[in-house]
Amino acid sequence: MLEIKTLSKHFGGVRAVDELDFTVRQGEIFGLIGPNGSGKSTTVNLVTGIFPPTAGEIIFDGRDITTAQPHVTLDAGIARTFQNIRLFNNMTVWENLWVAQNSAEDKKATNLLSRWMGGSRKAKSQVEEYLEFSALADKRDELAGNLAFGEQRRLEVARALAAKPKMVLLDEPAAGMNREEVRALDERLRALKARGITVLLVEHVMELVMEVTDRIAVLNFGQKIAEGTPSEIQNNQAVKDAYLGTSGD
Amino acid sequence: MDEHLVSILTNIGGFTFIALSAYLLLLTGEISFGQQAFFGIGAYFSGIVTAMWGLSMWAAIPLTMLAAAFSAGLVGIITIRLRGLYFSIATLAFAEMVRLALVGTTWQVKIDGEMIGPNGSEGLGNIRWALDNNIEANDFMWIVLITLAIVMGLFFLMERSRLGSIFRTIGADRLLAETQGINVTAYKVAATALAGAIASLGGIFYAHAQTHVYPENFDVMLGVHSLAYGLIGGLGTALGPLLGVILDIGFLEAVEWVQGYRMIAFGGLVAVLLIFMPRGILDERRVHRLRMAFRTRKTEPPPAKTHDPAAS
């Protein structure tokens, strides 16, 4: 589904991502972990076209999106969330989902003018579904900026869903959540998978990653140091060294 | 109606167009110091169409709006890569270029023994369409106000539509809008062109009410005012810029006992509001609260849902 081929991104002399290779298979939950500054968020930003890579290729669903702009990557079927919550705070929950319905499918379904006016009735009714999915139905008219932290995180996931993605990239969706919220997120990720959506999960909360992912790639200093199933990763010496800071000594 | 009042209302109408054009760009997150250029282009172009070519103002309106949209669209394309302060400076530079070009342009033709056309800093005179057609100041005011009502109506429609929300998302968080599949570049150029056309409407009416316009009418102060109207009145609804214009022209300029202090009061108002209400009197949050209050009064709120375990 998503093929990353010898992908590199240098910021000046810093190799934020360095000849990275991995492939996310259709329908799986793929974890991307690593210590702070290991290049996880940079990888997500490269895939979603926030900035172009220095070298390498990104192939999604058979389509080369290496230098595609953000709105084109969404067209291709990739939606994302942000490490620091990003919502339209001055818009209601409902509006946040409504303006996010920009999938290629929705664009094809109606002409530009009727999309400008409000989109199809079907699209609007789907907003209700996303509200249900993220348990935000009773907050629909609340301004996004007034929501509690956990609700804002849920809204971000619902918004990614509103783009009818083939794949979602979640950048630390569990950051700052308590144990119960993490458990609810776990269920929600499985629900995404059940809908046939491929998930790339960047996360620091290990209990969630080990619990929910099918496979994991571990980054350190922009390079992949390990890849495998959660149990393989847990027993990998290079990974332990990277996290405990004993490598290279 | 009292002559003084008619001229004030006509002015309020005319200047609300340029305030709305600056407001539209503010929605998309851009501060333009150059909307006076399109007001000026509107005044000159429409003046040329009616005074030199002898067409009616009704023909001049669509022609002028197209010309203004085209030139504004070009400015939008040229400034695609500029953001924030750089965009502001570029628009200001463009507006000054237009003004200086008008100062340097003389293009007159003899019509009925009179020289008519732009004449450098002497401006463009004899825009007599309203006089020639016996349209009284009172009637002209109604033409302006009805056109304003139509444009305001379209703004309200836009603000309730998805297009309005798209403009707002671009202004609120450009990158987020982009990752949500919005072609920000295309919408920005479209907004710039649209804003140019709206500003030119103000210029058309200004020229035909004044019958004589000068390049100096379209200097930086006009642009600064048009921005300030939205920032004072509020960026939550198109009523905001209208409120700003009414406060300035309807009160500060029109009421005798504050007249001498207009610029002091106006500047003070802008400064105070920027500190206490950075997005104006009718900002997004206040507009939302009003809308919700209005809605619950019309319909009872839905019964509270039983607690959803998945929500915790």
Side-chain angles (χ1 to χ4, degrees), chain A residues 45 48-50 69-75 78-82 86-92 95-96 98-104 106-107 112-119 123 132-139 141-143 145-146 150-151 154 159-160 162-163 180-181 183-184 187-188 191, chain B residues 27 29 154 157-188 190 194 234-237 278-280 283-289 291-296 299 301-312:
Chain A
N45 286 340
T48 49
I50 308 263
Q69 286 187 297
H71 69 92
V72 178
T73 64
L74 188 117
D75 246 15
I78 299 175
R80 68 168 292 179
T81 67
F82 290 84
R86 279 179 109 134
L87 295 164
F88 298 119
N89 288 329
N90 280 334
M91 291 185 182
T92 65
E95 281 175 315
N96 265 279
W98 181 49
V99 292
Q101 293 181 302
N102 295 311
S103 65
D106 278 328
K107 280 180 180 168
L112 193 58
L113 191 65
S114 81
R115 272 178 53 71
W116 277 351
M117 288 316 294
E132 288 293 333
F133 181 83
S134 284
L136 287 167
D138 53 338
K139 300 279 182 185
D141 289 331
E142 192 65 66
L143 292 181
N146 292 347
E151 293 168 339
R154 298 208 301 268
R159 182 182 64 200
E180 248 176 80
E181 287 171 328
R183 199 172 308 131
E187 279 170 31
R188 219 161 266 130
Chain B
L27 288 190
L154 289 173
L157 195 64
M158 183 197 81
E159 306 216 306
R160 296 180 62 91
S161 76
R162 217 162 151 277
L163 179 64
S165 291
I166 288 172
F167 282 145
R168 281 184 190 280
T169 62
I170 295 171
D173 189 338
R174 183 194 169 105
L175 183 72
L176 181 54
E178 246 178 323
T179 59
Q180 285 186 27
I182 292 164
N183 187 344
V184 170
T185 314
Y187 279 101
K188 282 225 148 163
L194 199 56
L235 301 178
T237 155
R279 292 184 74 81
D283 66 7
E284 289 90 344
R285 291 181 165 261
R286 240 164 250 125
V287 168
H288 174 74
R289 225 172 298 146
R291 222 171 253 159
M292 286 303 126
F294 185 66
R295 195 188 288 181
T296 42
T299 56
K305 274 204 169 155
T306 48
H307 183 65
D308 186 344
S312 54

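Naming convention: chains lettered A, B, ... in sequence-line order (proteins, then strands); numbering from 1 in each chain.
Of the atoms belonging to B:Phe167, not a single heavy atom falls under 4.5 Å from chain A. Residue A:Asp75 does not touch chain B at all, counting heavy-atom pairs closer than 4.5 Å. Only the backbone of A:Leu87 comes within contact range of chain B, with heavy atoms under 4.5 Å apart. For chain B, the nearby parts of A:Ala100 are the backbone and the side chain; heavy atoms of each come within less than 4.5 Å. For a residue to count as touching a neighbouring chain, one of its non-hydrogen atoms must lie under 4.5 Å from one of that chain's; by this rule B:Arg291 does not touch chain A. Contact annotation for A:Arg86: both backbone and side-chain heavy atoms come within less than 4.5 Å of a heavy atom of chain B.
Of all non-hydrogen atoms in A:Val99 and B:Ile182, the two that sit nearest each other are O-CD1, 4.4 Å. Nearest heavy atom pair, residue B:Ser161 against residue A:Trp98, reads C-CH2, 3.4 Å.
Note on A:Gly118, A:Gly150, A:Ala160: by heavy-atom pairs under 4.5 Å with chain B, the leading option is A:Gly118. In terms of non-hydrogen atom pairs under 4.5 Å with chain A, the most contact-rich of B:Leu157, B:Asp173, B:Ile166 is B:Asp173. With respect to chain B, the highest number of heavy-atom pairs below 4.5 Å among A:Glu151, A:Arg115, A:Arg183 belongs to A:Arg115.
In this structure, the side chains of A:Leu74 and B:Thr179 stay at 4.5 Å or more apart for every pair of heavy atoms. Counting only heavy atoms from C-beta outward, the side chains of B:Glu284 and A:Phe88 never approach each other to under 4.5 Å.
With B:Arg162 as reference, A:Gln101 is the one residue of A:Met117, A:Gln101, A:Glu95 to meet the side-chain contact (heavy atoms from CB on, under 4.5 Å) rule. Tested against B:His288 for a side-chain contact (heavy atoms from CB on, under 4.5 Å), the candidates A:Thr92, A:Asn146, A:Asn90 yield a single pass: A:Thr92.
Atoms CG and CZ, on B:Leu176 and A:Phe82 in that order, are 5.5 Å from each other to the nearest 0.5 Å. Within the model, atoms CG of A:Leu143 and CZ of B:Arg289 stand 8.5 Å from one another, a figure rounded to the nearest 0.5 Å.
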